[in-house]
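In the text below, chain A, chain B and the rest are named by the order of the sequence lines, each starting its count at 1.
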Number of protein chains: 2
Amino acid sequence: MTVTSAYHMQAQILRILAHPVRLRILGILARQEACVCHLETLLHRSQPYVSKQLAVLRDAGLVTDRREGTLIFYRAANENLVAWLNMGRALLRDESGLPLPDAPASPPVVEGCPCPRCQR
Amino acid sequence: MTVTSAYHMQAQILRILAHPVRLRILGILARQEACVCHLETLLHRSQPYVSKQLAVLRDAGLVTDRREGTLIFYRAANENLVAWLNMGRALLRDESGLPLPDAPASPPVVEGCPCPRCQR
DNA sequence: TTGACATATGCCGGAATTGGTATATTATTG
DNA sequence: CAATAATATACCAATTCCGGCATATGTCAA
């Protein structure tokens, strides 16, 4: 018997999104598929930490995962949502007038990342 | 020394927004200015409860208030933000396919509301 | 099967959020 | 000034969220 107005559902999703690292992860995964270890190096966070945030996003249906051997690649599940979030950040910049930086778009190959996409 | 990326700021605002009643309040205040007691009757919530949610929104700069005698009228401070939120809910409906209802737009005069706008 | 690697999950203490009740503040009226 | 009405704030217990560390799971290679 869960009451489900649009406001409740929206609040649920917003709670998931209201986290800087999860937002950043979504930003990354919107541009490129990435495995956990790749995100680890990009974010300078521990493996369990990254894995847990990904689990939160996955449980909410915001990212999907795909296994390739022992690696698991994640990607943003909903392009429109990401676009909406980007729009929100743009709004934020406009209104605040501050030069709020997004984390810079990461190159597809990251120094020090052990994943096969980055090692050759 | 507060680290402020766009992600951090966005997460802060999203935390404020990630609450069904606050979302609903913003939805109401986007359409019409309203005093606390008016919101009380619309939302069927206690005065301190409504007042507190309004304080949260006010502290975040999302609503402004205006005193008129002993009444205090609130309104949404940022039209673009509200539009953005509405867009988010629309997205939600499209993606989910569910007929998620917004709370119906409330008539300017509400049965049983003690505020002068509703009493004549 | 054993070991190594990538990832996931469980558990914990601390911090923040939630909603309720009691009380304080501010302005009006008499 | 006192009484009242509208609103705000303080305080509290319950829940949720957070990030860290330990450990479990799953896959591959030897």
Side-chain angles (χ1 to χ4, degrees), chain A residues 2-3 7-8 11-25 29 33-60 63-75 110 112-119, chain B residues 2-3 7-8 11-25 29 33-60 63-75 110 112-119:
Chain A
T2 31
V3 179
Y7 291 116
H8 283 265
Q12 265 178 235
I13 294 187
L14 289 179
R15 260 190 297 120
I16 305 292
L17 297 173
H19 187 291
V21 174
R22 289 198 284 269
L23 286 176
R24 173 116 188 261
I25 290 179
L29 296 184
E33 197 182 46
C35 64
V36 178
C37 68
H38 191 83
L39 293 171
E40 260 174 87
T41 41
L42 280 182
L43 302 173
H44 304 289
R45 300 280 183 162
S46 76
Q47 180 272 316
Y49 182 90
V50 173
S51 206
K52 215 182 297 186
Q53 302 306 342
L54 285 169
V56 172
L57 293 171
R58 178 173 12 93
D59 293 350
V63 299
T64 58
D65 59 326
R66 171 180 74 81
R67 180 176 279 272
E68 194 177 308
T70 137
L71 301 178
I72 298 189
F73 288 92
Y74 284 86
R75 70 174 70 202
V110 175
C113 177
C115 87
R117 297 278 171 91
C118 295
Q119 296 297 329
Chain B
T2 30
V3 178
Y7 292 116
H8 278 88
Q12 267 178 235
I13 294 188
L14 289 177
R15 257 189 302 119
I16 305 291
L17 296 173
H19 186 291
V21 174
R22 289 198 285 269
L23 286 176
R24 173 115 186 261
I25 290 178
L29 296 183
E33 196 183 47
C35 63
V36 178
C37 67
H38 191 83
L39 293 170
E40 261 176 84
T41 39
L42 279 182
L43 303 172
H44 303 289
R45 299 281 182 160
S46 76
Q47 179 272 316
Y49 182 90
V50 172
S51 205
K52 212 183 301 185
Q53 303 305 342
L54 285 169
V56 173
L57 293 171
R58 178 172 13 93
D59 292 351
V63 299
T64 59
D65 59 326
R66 170 180 76 81
R67 163 158 258 154
E68 196 176 306
T70 132
L71 300 177
I72 298 188
F73 288 92
Y74 285 86
R75 72 173 69 200
V110 175
C113 177
C115 88
R117 296 279 173 89
C118 296
Q119 295 298 329

**OP:** Rounded off to whole Å, could you give me the OH-to-P distance for the B:Tyr49 and D:dC12 pair?
**Re:** 21 Å
Original post:
Between B:Gln53 and C:dG19, is there a side-chain N or O to OP1/OP2 distance below 4.0 Å?
Top reply: yes
Subject >> Whole-Å gap separating P (C:dT17) and CG (B:Leu57) >> reply: 14 Å
**OP:** Grab the CD-C1' distance between A:Glu40 and C:dA8 for me, whole Å please.
**Re:** 12 Å
Original post:
Quick one: B:Arg15 CZ to C:dA16 P, roughly how many Å, whole number?
Top reply: 9 Å
**OP:** Would you please confirm or rule out a distance under 4.0 Å between OP1 or OP2 of C:dA8 and any side-chain N or O of A:Tyr74?
**Re:** yes
Original post:
Between B:Arg22 and C:dT18, is there a side-chain N or O to OP1/OP2 distance below 4.0 Å?
Top reply: yes
**OP:** Taking the side chain as every heavy atom from C-beta outward, state whether A:Leu29 and A:Leu54 have any pair of such atoms under 4.5 Å apart.
**Re:** yes
**OP:** Check the distance between C:dT7's P and A:Phe73's CZ and give it to me in whole angstrom.
**Re:** 8 Å
Original post:
When you check the phosphate oxygens OP1 and OP2 of D:dT27, does a side-chain N or O of A:Thr70 lie under 4.0 Å from one of them?
Top reply: no
Subject >> Stepwise side-chain contact (heavy atoms from CB on, under 4.5 Å) test for B:Leu14 and A:Leu23 >> reply: CA-CA 10 Å; B:Leu14 289 177; A:Leu23 286 176; 4.1 Å; yes
Subject >> Distance in angstrom units between B:Leu39 CG and D:dA6 P, rounded >> reply: 14 Å
Original post:
From B:Tyr7 OH over to A:Ile25 CD1, what is the distance, rounded to the nearest 0.5 angstrom?
Top reply: 10.5 Å
Original post:
Is there side-chain contact between A:Arg66 and A:Glu33, with heavy atoms separated by less than 4.5 Å?
Top reply: yes
**OP:** Using a 4.0 Å heavy-atom cut-off across all strands, classify A:Cys35 as base, sugar-phosphate, or nothing.
**Re:** sugar-phosphate
**OP:** Ignoring backbone atoms, test whether B:His38 places a side-chain nitrogen or oxygen under 4.0 Å from the OP1 or OP2 oxygen of D:dA6.
**Re:** no
**OP:** Check the pair B:Thr64 / B:Arg75 against side-chain contact (heavy atoms from CB on, under 4.5 Å), numbers first and verdict last.
**Re:** CA-CA 6 Å; B:Thr64 59; B:Arg75 72 173 69 200; 3.3 Å; yes
Original post:
Does B:Arg67 make a side-chain N or O approach to OP1 or OP2 of C:dT26 shorter than 4.0 Å?
Top reply: no
**OP:** Indicate, yes or no, whether a donor-acceptor pair under 3.5 Å links the base of C:dA6 to the side chain of A:Gln47.
**Re:** no
**OP:** Starting from P on C:dA8, measure out to CG on A:Asp59 and report it in whole angstrom.
**Re:** 11 Å
Original post:
What is the distance from CG of B:Leu17 to P of C:dT18, rounded to the nearest Å?
Top reply: 12 Å
Original post:
Between A:Pro48 and B:Leu71, which is nearer to the 5' end of DNA chain D once each is assigned its nearest nucleotide?
Top reply: B:Leu71
